[in-house]
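Being a predicted model, the structure only gives us computed values, none of them experimental.
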Amino acid sequence: MNPKIGIQFIAAFMILSMILSSVAYFIGSDDSSDENNNQPDINTPQNEYFNVGGKQVFHSFNSIADGLQMSNPQTIAAQFLDVEYIESTTIEPWNEQLPLNLTMVSMRNKAEVDNLYMTSSKQIYFAQNFNNEFLLLSTMTPKIVSFEYIGLPSSDNQYLLLSRLDTTGTNVMGEPTIFTPTRESAEAVISIIESFAVPQTAYDTFSPVLNYSDDYSEFQIVNSLVGFADLYYMGLHRNDDGSFTRTTIYYNPSAESTAHINELALSGLKRGFSQYDVTTEGDILKVVLTGEFSLVTGEDIQ
């Protein structure tokens, strides 16, 4: 990877973390002047099911593919995490122990999103594009609005856009709930959801690897800014016996990476893996390996 691009990419995620954890709380005023009377109404937190008015988001949300279908084609990297499944199968949050050289993105964790809504997250999707715009999708329990906001109708007058007063960003509530840095970004997601024609989305961008991906991994990432392939997919699944299966898919991988992966596969079973399959089809290289967590997450991806 070009070092300059890599630095910009990491810096963008650092900025994102700062945005999500910011606490620029709105300070109310009792001034009853005409100026204040002309200000938009401030809505207080709701203790009922997304009781904010307007249409709510309803879209399939079971994998990274679903999130990418709601994202713009300029998306450069995305991650999906099924927190509910992970918490139901293990005590340890193993997703928070993954090394950066495996995921190739700076991960968003459950605590960040929980703090954003003061609820418990079930599924989380996070994506970013070249303009450092981001999209956070999530499901939660309980389904409440725990923050103050100013409600504004969407351009099609179907949804209510919640301009938050406790942090920088806009929400559209539903399954999944949308969070973006600007109203315009939220409107763009709504436009994709409500389009009568099939719009171009990030799914089209990453379809070369998604067409070969699994549909059962509770942890998934895609990335187009890696130096060893044009596109990279990684899925990680905890099996019933406690072992892990890792699926990595490369679109147009470099010759060096392909050679190294094939070399590793020759000794895979001897090194403790119970599965180490490497297949090639056209521009696609797919690797599926199974073993203990440390083996699976420590094995080279390039």
Side-chain angles (χ1 to χ4, degrees), residues 16 19-26 28 39-72 75 78-84 87 108-128 133-195 199 201-202:
L16 226 312
I19 292 175
L20 290 175
S21 61
S22 63
V23 286
Y25 289 100
F26 179 88
Q39 296 299 314
D41 292 336
I42 297 173
N43 294 273
T44 57
Q46 304 289 328
N47 292 320
E48 300 178 12
Y49 178 89
F50 291 159
N51 187 23
V52 295
K55 185 177 179 179
Q56 293 181 12
V57 177
F58 183 75
H59 192 279
S60 177
F61 193 59
N62 300 306
S63 69
I64 198 168
D66 294 327
L68 291 168
Q69 288 172 355
M70 299 175 66
S71 308
N72 68 55
T75 298
Q79 57 191 262
F80 175 83
L81 179 63
D82 190 338
V83 179
E84 187 175 42
E87 291 182 339
R108 302 274 71 80
N109 61 49
K110 181 179 185 295
E112 288 179 288
V113 184
D114 286 357
N115 289 336
L116 188 64
Y117 297 111
M118 302 308 294
T119 61
S120 181
S121 302
K122 297 166 59 180
Q123 288 83 28
I124 298 170
Y125 168 89
F126 180 81
Q128 191 168 12
E133 290 277 324
F134 69 87
L135 169 62
L136 173 65
L137 304 173
S138 62
T139 56
M140 66 192 75
T141 183
K143 299 180 178 68
I144 61 174
V145 176
S146 61
F147 49 86
E148 290 188 334
Y149 63 91
I150 294 174
L152 302 169
S154 60
S155 58
D156 61 5
N157 287 315
Q158 294 193 73
Y159 297 85
L160 187 68
L161 307 182
L162 280 57
S163 180
R164 296 184 60 147
L165 301 177
D166 63 332
T167 189
T168 303
T170 299
N171 273 120
V172 185
M173 311 310 290
E175 290 279 311
T177 286
I178 297 169
F179 180 66
T180 63
T182 65
R183 177 180 179 179
E184 290 74 21
S185 299
E187 291 273 18
V189 179
I190 292 173
S191 178
I192 290 175
I193 296 173
E194 293 295 329
S195 177
T201 66

With sequence neighbours excluded, what pairs up with Y125 under the ring pair (Phe, Tyr, Trp, His ring centres under 6.0 Å) test? none
For Y159, check ring pair (Phe, Tyr, Trp, His ring centres under 6.0 Å) against everything at least two apart and list the hits.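 Counting only residues at least two positions away or on another chain, Y159 forms no ring pair (Phe, Tyr, Trp, His ring centres under 6.0 Å).
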Would Y117 and N171 satisfy side chain to side chain donor-acceptor pair (under 3.5 Å), going step by step from the backbone distance to the final call? CA-CA 10 Å; Y117 297 111; N171 273 120; 2.9 Å; yes
Got [X] and [Y] here, is their nearest side-chain heavy-atom distance under 4.5 Å?
| X | Y | result |
| --- | --- | --- |
| M70 | H59 | yes |
| Q128 | E133 | no |
| V145 | M173 | yes |
| V172 | T177 | no |
| I144 | T119 | yes |

When you compare the side chains of Q69 and T201, does any donor N or O come within less than 3.5 Å of an acceptor on the partner?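 Absent: no donor and acceptor within the cut-off.
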Regarding Q123 and T139, do their side chains bring together a donor and an acceptor under 3.5 Å, going by distance alone?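 There is such a pair between these side chains.
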Checking R164 against F147: charged group under 6.0 Å from the ring centre and within 45 degrees of the axis? yes
Aromatic ring centroids of F80 and F61 under 6.0 Å? yes
So, are K122 and E87 salt-bridged, with charged N and O less than 4.0 Å apart? no
Treating E112 as the side-chain partner and N109 as the backbone partner, does any N or O pair qualify as donor plus acceptor under 3.5 Å? yes
When you measure from the side chain of T180 to the backbone N and O of A186, does any donor-acceptor pair fall under 3.5 Å? yes
Might you work through the side chain to side chain donor-acceptor pair (under 3.5 Å) test for S120 and K110, ending with a clear yes or no? CA-CA 8 Å; S120 181; K110 181 179 185 295; 3.3 Å; yes
